[in-house]
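Notes follow the structure.
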Amino acid sequence: MRSVQIKEIANKLQVSTRAIRWYEQKGLIKPHKEEGNGYRYFTESEAWRLQTIISLREIGMPIPEIQKVLAEIDAGDDQDVLYYLELQRSAMFSQWIELQSMIKTLDGMIGMAKEKKELVWEDIHQLVDSAKGFRELRKNWSDRWGFDRQAAQYDEAVLREPEFNPHQNYNEALDLTCQLVDAQTGERGLDIGTGTGNLAGRFLAKGIEVAGIDQSREMLRQCMAKHPQMETKLGNFLAIPYLDEQFDFVITSYALHHLTDEQKLLALEEMQRVLKPGGRICIADLMFESNEKREAVRERFLAAGRADVWAAIEDEYYADRSLLLAWFAENGYRAEAKQVNDYLHILYAQREPESNNA
DNA sequence: TTTCTAACA
DNA sequence: TGTTAGAA
């Protein structure tokens, strides 16, 4: 096998020799070293490996991630490589949204400066602080629920439907969601937290195009198995991996309750961002009509001796329906709410086309 | 001339 | 990662 020295390969691949040595130091490659002088010699296959590293670097993937990708390639699992590419895509989108929010903050600062003719640092610090808080919220998102492990049994668990099961009326809720959105041929929707694609599947069956995102690659695997024609991407509520105004409608089922109330509002903004003017949002999720109703339901659970189930509910963040409706009202939506059962509601909102996308 | 390591930017 | 120094 013909092998070349570092300068030649560096020239061919358009990288510095330093970079190549650096990748070696990080354990990404291990070229053969000549006994006497310690010169590195690179073979064809190492050239290909380096090319891969460089490509991944170009899309901004950090070295440790590249390391994992290379391991997957070595193991011959292309599917897992795809996962890392999608993960990277989702990371880039997060950064893009970060930048957007920083620009927004900066605009605020500029606006203040213009208005008052001089910089009022207290105001600016306050503005930056709140922006920082929001950024923390986004960062704190993670797959806390072990969906990767649950994915295989998720459908089964959902369909068992005993009494006092939060998944009671699951299928009715999804059917109703599909009905409310009333998607027309040619429209395109996004299902957030699509899981195994149960909700999206109802639209697909009607010939409506729906893309799905989920933060669990295992869930997406199950989804792809059930709906091979469906477009799926890794992503989450707080950083939807799509550009602005891409969808006629955004749907989500049994997912929003994983977010805190503050995060829910950020999620609504994200949904709005990818929604076309006049688009629709439909949320089917576990929530309560109000805090009073929540109390009433709690008492019923306790009276029935199901404190265990209630404890599980308290582990999540079932919404106060009125908070979500208030957000819709403030942002120019005509919204309606349907109650399926005590803690399962469906919110359907259509945005007035003239509402400006701020 | 080329490459190497190591330290510093 | 770029740069640079000193050595093989």
Side-chain angles (χ1 to χ4, degrees), chain A residues 1-107 109-110 119 121 124-125 128-129 131-143 215 217 233-236 238-243:
Chain A
M1 214 183 298
R2 196 181 79 95
S3 51
V4 300
Q5 290 182 212
I6 195 166
K7 190 177 181 186
E8 185 175 341
I9 196 175
N11 265 325
K12 202 180 313 186
L13 300 181
Q14 292 291 298
V15 282
S16 63
T17 57
R18 178 70 175 94
I20 294 177
R21 294 196 187 96
W22 174 251
Y23 298 145
E24 178 187 347
Q25 194 180 335
K26 288 294 158 190
L28 269 46
I29 50 172
K30 30 176 128 288
H32 169 72
K33 284 196 186 180
E34 192 66 26
E35 288 291 327
N37 55 18
Y39 283 17
R40 296 170 177 77
Y41 285 92
F42 298 84
T43 63
E44 282 295 317
S45 65
E46 274 157 339
W48 189 86
R49 194 180 174 84
L50 260 176
Q51 184 63 266
T52 308
I53 294 170
I54 294 160
S55 304
L56 294 174
R57 273 277 52 205
E58 259 165 25
I59 59 168
M61 191 179 286
I63 301 281
E65 292 294 298
I66 295 178
Q67 182 129 232
K68 291 179 196 163
V69 174
L70 290 173
E72 303 291 0
I73 292 175
D74 291 341
D77 200 335
D78 284 358
Q79 209 53 39
D80 280 340
V81 173
L82 182 63
Y83 164 71
Y84 281 105
L85 292 182
E86 288 184 346
L87 196 64
Q88 181 59 17
R89 186 198 153 84
S90 138
M92 287 169 79
F93 252 91
S94 297
Q95 289 175 13
W96 181 65
I97 285 165
E98 291 279 285
L99 280 174
Q100 234 180 220
S101 124
M102 285 165 76
I103 290 171
K104 212 167 155 186
T105 307
L106 187 56
D107 282 344
M109 289 166 64
I110 291 170
L119 289 175
W121 287 104
I124 290 174
H125 288 326
V128 171
D129 273 353
K132 206 185 286 173
F134 276 133
R135 222 170 308 147
E136 286 304 310
L137 285 181
R138 293 186 196 279
K139 214 185 296 171
N140 286 339
W141 168 278
S142 61
D143 184 358
Q215 91 292 15
R217 65 174 153 163
K233 281 190 204 298
L234 215 51
N236 67 53
L238 305 180
I240 299 174
Y242 283 96
L243 298 173

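No experiment lies behind these values; they were computed from the predicted model shown. Side chains are part of it too, since the values below use all heavy atoms of this structure and drop only hydrogens, waters and symmetry mates. Chain naming here is simple, since letters A, B, ... match the order of the sequence lines and numbering starts at 1 in each.
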Problem - Short side-chain N/O contact to C:dG2 OP1/OP2 from A:Ser16, under 4.0 Å - result: yes

Fill in the blank from the handout: Here the distance between atom P of C:dT3 and atom CD1 of A:Ile20, to the nearest Å, is 15 Å

Fill in the blank from the handout: dist A:Ile53:CD1 -> A:Ile63:CD1 (nearest 0.5 Å) comes out at 7.5 Å

Problem - N or O in side chain of A:Arg21 less than 4.0 angstrom from B:dC4 OP1/OP2 - result: yes

Problem - Cationic N near anionic O, under 4.0 Å, A:Glu46 to A:Arg40 - result: no

Problem - Residue whose closest nucleotide on DNA chain B lies nearer the 5' end, A:Lys33 versus A:Tyr39 - result: A:Tyr39

Completion exercise
To the nearest angstrom, the CE-C1' distance between A:Met61 and C:dT1 comes to 19 Å

Handout entry: Qualifying residue for side chain to side chain contact (heavy atoms under 4.5 Å, CB included) with A:Leu85, from A:Leu56, A:Leu234, A:Val69
Key = A:Leu56

Problem - Nearest-nucleotide comparison on DNA chain C, the residue closer to the 5′ end among A:Gly36 and A:Ile63 - result: A:Ile63

Completion exercise
note: A:Trp22, atom CH2; B:dT3, atom P; distance rounded to Å ~ 21 Å

Problem - Rounded interatomic separation in angstrom, taking CZ from A:Arg57 and P from C:dG2 - result: 11 Å

Fill in the blank from the handout: Between NZ of A:Lys7 and P of B:dC4 the distance, given in whole Å, is 12 Å

Problem - Separation of atom OH in A:Tyr41 from atom C1' in B:dT3, rounded to whole Å - result: 9 Å

Practice task
Go through the steps to decide whether A:Arg21 and A:Glu24 satisfy the test salt bridge (charged side-chain N to carboxylate O under 4.0 Å, His left out), and finish with yes or no.
Solution key: CA-CA 5 Å; A:Arg21 294 196 187 96; A:Glu24 178 187 347; over 6 Å; no

Exercise for the section: Report yes if at least one side-chain N or O of A:Arg18 is closer than 4.0 Å to OP1 or OP2 of C:dT3; otherwise report no. Expected result: no

Practice task
Could you tell me the separation between the CD atom of A:Glu35 and the P atom of B:dT3, rounded to a whole number of Å?
Solution key: 19 Å

Handout entry: Under 4.0 angstrom between A:Gln5 side-chain N/O and B:dT2 OP1 or OP2
Key = no

Completion exercise
Whole-Å distance, A:Gln25 CD to B:dA7 P, equals 11 Å

Handout entry: Option among A:Tyr39, A:Phe42, A:Tyr41 that satisfies the side chain to side chain contact (heavy atoms under 4.5 Å, CB included) test with A:Ile6
Key = A:Phe42

